Each structure stands twice: as structure tokens, then as C-alpha cells.
Protein chains: 2
Amino acid sequence: MTGSKIRNMEEFASLSGISRPTISKYFNNPNSVRSSTRNKIEAALERLEYRPNIYAMNQNRKLTKNVGVVVPLLSDPYFAEIARNLEQHCLAAGYRPTLFSSHGDPALEVEVMDTLRSLKPAGVLLAPLGRASDRAALKKFCDDVPTIIFDSSVDEIGLAFVGSDNFQFTAHITDYLCRTGEPPCFFEMKTPANPNAHRRRQSYLNAMETFGYTPHVISVDGEGWGFEEIGRLGGHEALEQGRFSTNTILCSNDRLAIGLLTACFEKNIRVGRCEDCAIRVAGQDGHPHSRYTCPPLTTISHAYNAVSQTAAEALFAAIGGQVSPWKSTRLEGKLILRDSA
Amino acid sequence: MTGSKIRNMEEFASLSGISRPTISKYFNNPNSVRSSTRNKIEAALERLEYRPNIYAMNQNRKLTKNVGVVVPLLSDPYFAEIARNLEQHCLAAGYRPTLFSSHGDPALEVEVMDTLRSLKPAGVLLAPLGRASDRAALKKFCDDVPTIIFDSSVDEIGLAFVGSDNFQFTAHITDYLCRTGEPPCFFEMKTPANPNAHRRRQSYLNAMETFGYTPHVISVDGEGWGFEEIGRLGGHEALEQGRFSTNTILCSNDRLAIGLLTACFEKNIRVGRCEDCAIRVAGQDGHPHSRYTCPPLTTISHAYNAVSQTAAEALFAAIGGQVSPWKSTRLEGKLILRDSA
DNA sequence: ACAAGTATTTTACGCGCGTAAAGTTTAGCC
DNA sequence: GGCTAAACTTTACGCGCGTAAAATACTTGT
């Protein structure tokens, strides 16, 4: 770096001996210029330290390189992990990802979509809040901006949906639990935030019927996204009232299970698959924290990488002009055997 | 909304009966126009559905309304929580926050700063990686962009530092542990990512000396940001080798403590302050997850809200033109008594 | 070496808004 | 009602780059 800061592309062009439009073309796509030219530009780039003004770039461009990534709750490590994956796929493909969280609030979700609009993104990867989402606003947004929906599906909105196969999820872990001990009852929130919860309950019911067992669902009260606390309080109540019909409890998700494990601990109930354990508890999601519960949580994990990669690739294909009919991709989860069940 | 989309400010101006420069002024600061004018604009805004083009806005403006928020690891709920707080303070003050994570990688941290530069932000709230950070790059960035450093301090860089008082933190919880049982030994990473860790160790040593006890530090191997696993593996090893000199263990941070609790569970060691518990374990940070460990973790919590508010306000003041000398603000933590110690 | 085809340069305009300056209207006050 | 200061309108220019069209230079194959 010669220290001398370049003001604009014009200046950089003359200093590098290339015309400005060609420089512009290079920044738009380095492979669109002859390699000899590219080398000259890149050499100049190193000694001159110039970066185009992104505002001027995007202002008069039909399509920006921005990609929005929206998750319902960033403080949930599960979403943070997916967001990180998506971010890196975008970066690798030459896009500029921007991260947003709805923080569990439908009003904020609408605000995020508004902000996103003004960013004029080439595309958006969006995990909706679910039940609480403003469907109309979501639909309108998807009509205006190329959007891939992930994690939880809301109608047939956007270009495509990518997520996990909740039916396979629950069927698989239910099967495991039935084969290794008492058939499980199902522990869930009465009014779950996420539509996946309904699929999981249904899948549990189906699986139990298939296996010839009587299903039993325990639905606990609680609003919002504080799943652990809901699981803990609901767990206490259910334990006190003897609402668990068997010694095996399949939770609708890992965070609920984490709360239930805390409740069990507080009630001095030994959890696990050992001889002297009173109950077994399993979760669903492969939450980053599930390894560190006591006992470590048996769960079924999302294919984090595959989901993010599939979603990202679908978006890039759509941005690239590939038109394909709406499609739902649901990837299978992998059972993670640990000590809790 | 009349449905008819407005193309630009010119059009919106004529349709609302106000001149374009005044509209521009309004968007820059709604309070800078007469209230009667403001009402007219806002009425038009509702029926016309117009939003200024942010790229055109920022391209020829000396100062944007953008604020960058950078954390070292967004998948750590502790940082996610602080980031959420900061984000909301920015929004409330009329800024446009953008969230970035270094994902524990120094190279990424540098990349984030590069991206941030091109965003021409009015200011940045940055929590550095710490030990692994590229000091020179950080310093250069802070020279170019008004930056408040938070969480962990690296030299006297930026406009100011806001974080927690690690000396108070550790002294306070050490005091508590000494008063309620055996004096603690200190469990930490040998090469911690975060400089706060050094302060905490030192504070532990000071406190123990003050109280007239012999300090004992257990430093475990492990690189990176997978603190739970480092705590778990290190915990196993330390337990097997009998390296814990007392029955009370103060961990350098909550995530390490979470790992240690898992190790204890796996070794069938009962943790807590009950009669038949073998050891007590305490953490530091008030990690969102600490409530749900088994047993729930006694810890000392950051003043999340106060830290974010102080940092945000310092930045806004600096953006507003208030020049003040570099200053370090360290807020006290609050002891959270739970069952683990 | 020559043709065809592609890459680059030149030239020129426009994007949507910030901003400054000068003139005009409005509001507030005695 | 007349004064002043503030707010507004008009006019005009510029920001840094995208992009289109036409002219020119280069590469490639034979």
C-alpha cells in the first residue's frame, strides 16, 4: 500500500491504466475481463488500496449482491449455528450476507422485512417465527423479494422451503425409544411457537399407532420463546400430578427437554437409561447445548450443514435465473444416542 | 396505501405538496422541520408508502446512520444477548445497527472490520476476540472509525471501553465461597481467548491472599472457543489426578463451569451445597444457560443492560460530537445464588 | 497475414439523494 | 401591524458508480 488513498473508481482507473467501465465490470465479476487485464487490476489493487463505494455501487444497479439472513431468535444457539452456516455459504458465493433476528417478536419480524426491502437484496434466507408471524406481510414480502424459507414452513410461500423432515425425526426417535424400553409419552407446549411442533406431535401419534402402542401427549402452558423455563415449570407440574404415563418422555424439542431435566433434578428424579434411573428423557433438534446437560441428552439432530447448504444453493440458483416451481425439501435427522434415554 | 408506488423523493415531494429538500431534511431528522410540515409529510407517508433509497442517501452523505455491532462469537448466547441489547439501543436512538460476528476467528475479525469500513458507519460497538485479535488492524480500525470497545479490553484503543469489573466479579464470588464453605480453587484455561480471564485469575489470587488462604489454580489445556468441551475434558483429567485441592471450584467462566458439571456428572460426583454433595462449583458471567444446569449454577452476572446502555450512550455521545478522553467503565456484577455452590 | 470475434476504451447519460445559496413565506412576539 | 428569526422553496450542482452504444484494440484460428 502506497498510503495514498484513492477517492474513486475514476482515479483508480487512471492510476492502474485501465478504463473505468472495465474496472466496474471487474468488480461486478472478476471473471468477465481478460486475464491479463485482471492481473493488472489486481496488481494495482494491492499497491493502491482501493475499495469501491458500496452505496454508489448499489444505488443504480438492478441487482445488489446483498443477501438477508433472518432467524426468529438469534440468542438460541440452534439458530445462531444455522445463521453462521448460511453466512459462510453466502460469502463463499460472493454475496454480502446481513444477519437479522426477529427476537421472537412478530412486530420486529415485520420491521426486519421492511428494513430488508430497503436493502434491495438479491435474495433472502428467512426462518419465520411461525404461528405468530404476520402471514400477509410474509406473503407480500416473498412476492417482492426472492426468498427461501427455512426451518419452519408457513404455507407455500417464497421460492422454496428447506428444513428438516419432522415426521422422520419423530418417527425415528420414537422407534428407538420403543425398541429400548417403555414406549414414550410426548411432552410439548400447548401453543407452540413453531409449526414444526405440530408435525412432531402428529408424527408421534402416527408412530405409536403403527407400533401398536397407546400414545399419550402432555401439553403444558406457556407463551413465548423461553422454552427451557416452560419445560421446567411444566415438568414440575406434570411430575407432581403424575401426568407422565410411562417412564419415557419424548420432548418436542431440546430446549423443552433441558427445562424438563432441570425439573427432574430439582425433584431429585434420576434420569437416564441406567438400572436405578426413574425415567428416560429424549429431545429433538441436536441443540448445541444438548451434549452438556446432565445426563447428556439423547436427541435427533438436524443436518445443519445440509440444510444450510441446500437453502443457500436454492437461493443462488434462483438469483441466477433458474426458475423452478415451489418445492419443499425436508432432510432427515440423525439420532444421537447419549445417556438420557 | 394507495398502491401507487413512488419512485423517488422528487415524486413523493410533489405528491405531498412539500419541496424535496424539506423532505430530505425530514428524513434526516424529523424534528428539524416545523410540526405542521411534519404532520403533512407523515400523512402523505401513510397513504403513499414511500421509503427513501438508502444507497442514494448514504452515498453523498458525510455521516451515515449506520452502527456496526461486532461480537467475537454470536453462537454464544452471552454475546447474542448483549448484541440484542445493543441493537435495540441503536434502533431506539434512530440508528441502523448491523450485526457481525467474528466467529472466533481472527482472520474473520479483520474481514469484518474491512466490511465495516465500506459501510461508512457513524460508529461501531466492538467486542474484540481478545488475545487472538490482530492488534495492529484493530488499532488502525479504531483510528479510522469511531469505536467503542466492550466486553474485553485490548490496550487503550477506541473511544472508550465499557465492560464488567472482573476484579470485583471474582473478588465478590470468592468472598462468598470463602464465607460459606471451603475456600475455592480456581479452574481456568491455560491459554484463555479472552483477556478478562487474566484479570479474574489475578483477582482470585488477590482475594485469597487478603482472606489469608492459599490460592490454587488449575489451568487446563485447550484452544479455541469450545469452552464447555474444554471444561469437561479438563475437568475429567483434574478429577482423576486429584488436582482440585479443595471441595470448592470457582470457574473462570460459566461455560467452563458447564463443562465441569458435565464431567462431574459423568464421574458420578454430586455437586452442590447439600450435606451429601462432594464438591461445590461456581461460575462467572450469568450465562443465559446457567439457570438450567444440574444443579443450577451459582454465578456472578454481568449487568447486561447497564453495560450495553453505557456503551451505546458513549457511542452516541461521541457521534454527537462530544469529545472526551479515553475512558474505561467497568460495571459491577451481581451474585446469583443457586444450588451449585 | 487476414478475417472474425471478443475485449476494451471512449463517450455520455442517468440514478436518487445531499447540500449549499439565495430568495420567499411563515410563525412568534411586542 | 410590523418586526425578526426560523422555516421553507427554488435552483443548481455534485456524489461515485452502472450502463449503454459506438469506436477501437486485441486475440484466435487458419
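Note that the structure is predicted; figures quoted are calculated from it, not measured.
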Visitor: Base, sugar-phosphate, or nothing: which does B/S36 touch, judged by heavy atoms less than 4.0 Å apart?
Guide: nothing
Visitor: May I ask you to say what B/N58 touches in the nucleic acid, namely base, sugar-phosphate or nothing, with a heavy-atom cut-off under 4.0 Å?
Guide: nothing
Visitor: Does A/P21 reach a base, just sugar-phosphate, or nothing at all? Heavy atoms under 4.0 Å.
Guide: base
Visitor: Under 6.0 Å between the ring centres of A/H302 and A/Y78?
Guide: yes
Visitor: Quick one: on DNA chain D, does A/R51 or B/R20 contact a more 5' nucleotide (nearest heavy atom)?
Guide: B/R20
Visitor: Could you tell me which residues satisfy salt bridge (charged side-chain N to carboxylate O under 4.0 Å, His left out) with B/R84, sequence neighbours excluded, listed by chain and number?
Guide: B/E81
Visitor: Can you list everything that forms a side-chain hydrogen bond (donor to acceptor under 3.5 Å, both in side chains) with A/E10? Sequence neighbours excluded, please.
Guide: none
Visitor: Not counting sequence neighbours, list each pair that qualifies as a salt bridge (charged side-chain N to carboxylate O under 4.0 Å, His left out) and has a residue in residues 147-160 of chain A.
Guide: A/R135-A/D155
Visitor: Between B/A56 and A/N28, which residue's closest nucleotide on DNA chain D lies nearer the 5′ terminus?
Guide: B/A56
Visitor: If you find the nucleotide of DNA chain C closest to B/R34 and the one closest to B/P52, which residue's nucleotide is nearer the 5' end?
Guide: B/P52
Visitor: CD1 of A/I18 versus P of D/dA25: gap in Å, rounded?
Guide: 16 Å
Visitor: A/D114: what forms a salt bridge (charged side-chain N to carboxylate O under 4.0 Å, His left out) with it, not counting sequence neighbours?
Guide: B/R51
Visitor: What residues, two or more places apart in sequence or in another chain, satisfy ring pair (Phe, Tyr, Trp, His ring centres under 6.0 Å) together with B/F161?
Guide: none
Visitor: Across the strands shown, which category fits B/Y50 at heavy-atom distances under 4.0 angstrom: base, sugar-phosphate, nothing?
Guide: sugar-phosphate
Visitor: Which part of the nucleic acid, if any, lies within contact of A/F12, taking any heavy atom under 4.0 Å across all strands shown: a base, the sugar-phosphate backbone alone, or nothing?
Guide: nothing
Visitor: Taking 5' to 3' order, which nucleotide of DNA chain C is first and which is last to have an atom within less than 4.0 Å of a heavy atom in chain B?
Guide: C/dG16 to C/dA27
